[in-house]
Amino acid sequence: PGSPNPTSPKPTSPVECSICFNTYDNTFKTPKLLQCSHVFCLECVARLSTGLPPHQPEDQLPCPFCRQLTSIPLEGAPALKTSKELLATLPPELQQEKVLWMEGTKLCCRQASEDPENPDSCISIDVAMSKPESPEAPPTGLAGRLSRCDMCDDWKRIVLLSALIIILFCIILWPVQCALKTGNLRCFTRTVTMN
């Protein structure tokens, strides 16, 4: 698949999607052509289109490579044009494109079955962007206060810093203070007892 801009990144392989690096097929990985001539698998395009921000104008999907906008049809990403050139490079059994559709945020495909009304005859994948997990409430009391304290997480450094301060005081500051007070470095007076 060509690119109108020669400086645009090109796919690493003509038979794999440049986003997920999965090989194209005739179902969820069908090669879909954007208006800028870049090709991505249906699943990735569907994921990108369901992740559009709410203020995005009329389902305009920016290309991940060149940022050119592509209009997403009302039927969703499965209604985008398929790259027949890439589909023709697949093995013969994968060259016939299967019918796919969107049900909310699910990308659906009907499997070969005698009973088309059987719900097990359809396979689907959820293409909605994952939501961040809700943060857990911190514990109450002392444990809660310590869990919110960033310094408390680093207790080894606090202990080491405290030890260094004590050593600094004992070896350097205390003799200096003693010398200033007595005029020499002999802070302890010896008492000599005579018999």
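All values derive from a computational prediction rather than experimental measurement.
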* Count the heavy atoms of every other residue, nucleotide or ligand shown that sit under 6.0 Å from CG of Leu74, and state whether that count exceeds 12. => no
* Hey, is CD on Gln96 packed in by over 12 heavy atoms from elsewhere, all under 6.0 Å? -> no
Sub-4.5 Å side-chain heavy-atom contact between [X] and [Y]:
X	Y	answer
Ile72	Leu80	yes
Glu43	Cys20	no
Gln60	Ser71	yes
Ile19	Pro64	yes
Thr70	Cys63	no

For the student: nearest non-hydrogen atoms of [X] and [Y], plus distance:
X	Y	result
Ala128	Arg47	O-NH1, 4.2 Å
Met102	Ala46	SD-CB, 4.4 Å
Phe28	Leu107	CE2-O, 3.4 Å
Thr27	Thr30	O-OG1, 2.5 Å

Measure the spacing between [atom1] of [X] and [atom2] of [Y] and express it to the nearest 0.5 Å.
X	Y	atom1	atom2	answer
Leu61	Gln68	CG	CD	11.0 Å
Cys41	Leu86	SG	CG	11.5 Å
Leu87	Thr82	CG	OG1	7.0 Å
His38	Ser83	NE2	OG	12.5 Å
Leu100	Arg110	CG	CZ	11.0 Å
Tyr24	Thr89	OH	OG1	9.5 Å

Is there a path from [X] to [Y] through hydrophobic residues (I, L, V, M, F, W, Y) whose side chains come within less than 4.5 Å of each other?
X	Y	value
Leu168	Leu160	no
Leu42	Ile125	yes
Trp101	Val45	no

* Before accepting this row, confirm whether a basic side-chain N of the pair Glu16/Lys29 lies closer than 4.0 Å to the acidic partner's carboxylate O. => no
* Asked: Sequence neighbours excluded, which residues qualify as side chain to side chain donor-acceptor pair (under 3.5 Å) partners of Asn26?
  -> none
* Asked: Yes or no on side-chain contact (heavy atoms from CB on, under 4.5 Å) for Lys81 and Gln35, after CA distance, side-chain angles and deciding distance?
  -> CA-CA 9 Å; Lys81 186 177 177 183; Gln35 290 171 347; over 6 Å; no
